[in-house]
Amino acid sequence: MIKEPMKMLPVIGRLRDYGVATVRADYDGGGDSGEINQITFLDVNDNEIAANLKSAGLEDYIHDIIEAATNDACGDWVNNDGGYGHVNIHLDTCEVDCAFYQRTVEEHDWNCDLFK
């Protein structure tokens, strides 16, 4: 999923120093645009970590990695009706999972006589 996993190595140790076990990012898009809405850092018990990781320079770095991962693995989530989902990076196992939900529209054409 992450094409260049070596980019994660420098930051994994720093995130672990803050007690981070999982990085979760929610994304949403449509109409040719999309964004990573929220990045949440979780401890081993899935509790949100309140440390200011943005000032440590970690949040922006993770944002870029997750944006690349969603573009590579989560389908076409920004075009037409788009899609949404989340990405989890599990630091202890170095595994990434992605949930992707694509919005679709179906069109039907009925030809009927309403005045019969």
Side-chain angles (χ1 to χ4, degrees):
M1 176 179 208
I2 296 176
K3 287 189 176 181
E4 299 178 55
M6 296 301 286
K7 285 186 174 184
M8 284 293 297
L9 289 179
V11 77
I12 287 174
R14 291 185 62 200
L15 288 169
R16 285 183 177 164
D17 289 344
Y18 283 95
V20 176
T22 303
V23 178
R24 179 184 175 106
D26 297 311
Y27 63 91
D28 190 2
D32 295 333
S33 65
E35 66 182 329
I36 307 298
N37 293 323
Q38 180 175 355
I39 297 176
T40 307
F41 299 93
L42 305 169
D43 65 17
V44 294
N45 298 315
D46 287 334
N47 296 315
E48 188 171 344
I49 294 175
N52 190 353
L53 298 171
K54 188 164 187 73
S55 66
L58 296 175
E59 191 170 343
D60 291 336
Y61 186 81
I62 290 293
H63 181 278
D64 293 343
I65 289 170
I66 289 177
E67 187 171 58
T70 57
N71 289 336
D72 292 341
C74 296
D76 188 7
W77 63 280
V78 296
N79 287 314
N80 300 319
D81 291 324
Y84 62 96
H86 66 266
V87 175
N88 292 318
I89 300 173
H90 305 282
L91 300 181
D92 56 339
T93 61
C94 294
E95 293 178 341
V96 177
D97 62 72
C98 177
F100 170 60
Y101 305 94
Q102 188 166 20
R103 296 180 188 98
T104 60
V105 174
E106 287 188 36
E107 293 185 21
H108 298 277
D109 186 15
W110 288 282
N111 190 4
C112 61
D113 188 353
L114 296 175
F115 300 104
K116 271 190 171 183

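None of these values were measured; they are calculated from a predicted model. Any value given below was found using the heavy atoms of this structure, including those in side chains, with hydrogens, waters and symmetry copies removed.
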Q: Membership question, hydrophobic clusters at under 4.5 Å side-chain separation (ILVMFWY): are Tyr18 and Ile12 in the same one?
A: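 Yes, same cluster.
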
Q: Once rounded to the nearest 0.5 Å, what's the spacing between atom CD1 of Ile49 and atom OG1 of Thr40?
A: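 Going from CD1 on Ile49 over to OG1 on Thr40, the span is 10.5 Å.
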
Q: Would you say that Leu42 contacts Val20 through its side chain, given a criterion of any heavy-atom pair below 4.5 Å between the two side chains?
A: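 A side-chain contact is absent here, since even the closest heavy-atom pair is not under 4.5 Å.
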
Q: Not counting sequence neighbours, which residues clear side-chain hydrogen bond (donor to acceptor under 3.5 Å, both in side chains) with Asn37? List them please.
A: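 Asn37 satisfies side-chain hydrogen bond (donor to acceptor under 3.5 Å, both in side chains) with no residue once adjacent residues are dropped.
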
Q: Are the side chains of Thr22 and Ile89 in touch, meaning some heavy atoms are under 4.5 Å apart?
A: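 Result no, sub-4.5 Å side-chain heavy-atom pair not found.
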
Q: Does the side chain of Tyr27 come within less than 4.5 Å of Phe100's, by heavy atoms?
A: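 A side-chain contact under 4.5 Å exists here.
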
Q: Listed by chain and number, what are the side chain to side chain contact (heavy atoms under 4.5 Å, CB included) partners of Ala25, not counting sequence neighbours?
A: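 Scan of Ala25 (side chain to side chain contact (heavy atoms under 4.5 Å, CB included), adjacent residues dropped) gives Ile36, Ile39, Ile66.
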
Q: Applying salt bridge (charged side-chain N to carboxylate O under 4.0 Å, His left out), can you list everything that pairs with Asp26, at least two apart in sequence or on another chain?
A: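 Arg24.
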
Q: Can you name the side chain to side chain contact (heavy atoms under 4.5 Å, CB included) partners of Asn45, sequence neighbours left out?
A: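 Only Asp43, Asn47 meet the side chain to side chain contact (heavy atoms under 4.5 Å, CB included) criterion with Asn45.
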
Q: Consider only side-chain N and O atoms of Asp97 and His90, and report whether a donor and an acceptor are under 3.5 Å apart.
A: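 A donor-acceptor contact under 3.5 Å links the two side chains.
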
